[in-house]
Amino acid sequence: MQTFHIYSESTELQSVVIGTSRQFRADQSYVEYINKKQIDTKPPTEEVLHSELQGFRDVLISRGIEVFIPTAIGSFVPDQLTPRDIGFIIGDKLVISNMSCSSRRYEVFGILETIKLFDLSDKKVLIPDADVWIEGGDVIVDKNCIYLGQSNRTNKNGLDFIRRHFSRDFDVFPITVNDHANESRFLHLDCVFNPVGSSHALFFRDGVIDIPDRVLKNYEIIEIDEYEQAELATNILTISSETVIVRKSEKLNRVNTLLKAHYDVIEIDFSSVVATGGSLRCASLPLIRK
Ligand SMILES: NC(=[NH2+])NCCC[C@H](N)C(=O)O
């Protein structure tokens, strides 16, 4: 039986859940508008989402990574594209998220069959109390640290929870996401900051209120601008210390070219998923990294 294992954002990815487009907005009456991108953009079709997610899956499989797809739960869950948020692994523990948006609250049912394939003994699954909000997009585990976004989706109780359970093994750093206009423009920490490969991090400085010294010490920063942030430029997926998967888009040419100077960069089409507010990191929930 396999054990969850996540201590890094960049060591070799071995097992991952990715999003599914099945039943995407199948019943309009359940659609909830929960982020700015989604409000401003015409919703993509299930077909084009499916083809992008297939492309993502094919790349992962071609690299020898085990890929799980959530089961479609029912039309009352309108969007299962971004499993990153519904739970997350720290060390050998799975934390099941309390989702702040009601339309996402039952999304985790789609991965229960996958979870049951793993060793859950000795309290490896943590279920926070109802007033504890943490979504996986706000959780970054890397280089003995946990960076925890404080956002509309992850609250102070979430920070206390992470400190209580994990500060013995990790240094925990809160990073406040700058949502001054309260318009859910920067949904999660990973929409403004994300480590890339072994030694860099993509970072939109105006997206946070404060930045821990440890971030500046641990990473060579690649700054991104407001326009690139809106294209979710930070939201890439590192699959090994040398290899990253990014979105192919003219709008991201500058960033992708910078990344190519340091890493093996795999570019895939993902613009439709981005139109719903998430990109490659959001669309993936790593279960095991070497
Ligand atoms: N980790 C992330 N940044 N996730 C993005 C989630 C997008 C999703 N549609 C939502 O608004 O909840």
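Both counts, for ligands and for their atoms, begin at 1 and track the order of listing.
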(message) Under 4.0 Å from a heavy atom of I34: which atoms of ligand 1 are those, numbered in the order shown and with their elements?
(response) 10 (C), 11 (O), 12 (O)
(message) Using a 4.0 Å cutoff against the non-hydrogen atoms of G277, which atoms of ligand 1 qualify?
(response) 5 (C), 7 (C)
(message) Looking at non-hydrogen atoms alone, which of M99, R104, K37 comes nearest to atom 8 (C) of ligand 1?
(response) R104
Taking only distance into account, with no hydrogens and no angle test, what donor-acceptor pairs under 3.5 Å do side-chain atoms of residues 161-169 form with protein atoms, sequence neighbours excluded?
unit_1 : atom_1 : unit_2 : atom_2 : d
S167   : OG     : R163   : O      : 2.5

(message) How far is atom 11 (O) of ligand 1 from the closest protein heavy atom, and which atom is that?
(response) N35 ND2, 2.8 Å
(request) Would you indicate whether the side-chain heavy atoms of L53 and L81 approach each other to under 4.5 Å? (result) yes
(request) For C191, take its heavy atoms, then give the atoms of ligand 1 lying under 4.0 Å from any of them. (result) 3 (N)
(message) Any nitrogen or oxygen of T82 lying under 3.5 Å from a nitrogen or oxygen in ligand 1? Just yes or no.
(response) no
(request) Please test F186 against F204 for ring-ring contact (aromatic ring centres under 6.0 Å, His included), starting from the C-alpha separation and ending with a verdict. (result) CA-CA 10 Å; F186 313 137; F204 174 58; 5.7 Å; yes
(request) Please check if V274 and L49 belong to a single hydrophobic cluster, counting links between Ile, Leu, Val, Met, Phe, Trp and Tyr side chain heavy atoms closer than 4.5 Å. (result) no
(request) Ignoring hydrogens, just give me the one of D190, V274, L187, L285 whose non-hydrogen atom is nearest atom 3 (N) of ligand 1. (result) D190
(request) Could I get the full list of side-chain hydrogen bond (donor to acceptor under 3.5 Å, both in side chains) partners for K217, not counting sequence neighbours? (result) none
(request) Answer yes or no for R153: is there a heavy-atom contact with ligand 1 below 4.0 Å? (result) yes
(request) Compare every heavy atom of E228 with every heavy atom of K251, then report the nearest pair and how far apart it is. (result) O-CG, 4.2 Å
(request) Note the single closest protein heavy atom to atom 9 (N) of ligand 1, along with its residue, its atom name and the distance in Å. (result) T276 O, 3.1 Å
(request) Could you tell me whether H188 and ligand 1 have an N or O pair separated by under 3.5 Å? (result) yes
(message) For I245 versus I236, what's the shortest heavy-atom pair and its separation?
(response) O-CB, 3.5 Å
(message) Parallel, tilted or perpendicular, judged at 30° and 60°: which one describes the rings of F118 and F4?
(response) parallel
(request) Distance to 0.1 Å, residue and atom name: give those for the protein heavy atom nearest to atom 2 (C) of ligand 1. (result) C282 SG, 2.8 Å
(message) Could you identify the single nearest non-hydrogen protein atom to atom 1 (N) of ligand 1 and state the distance to 0.1 Å?
(response) D85 OD1, 2.8 Å
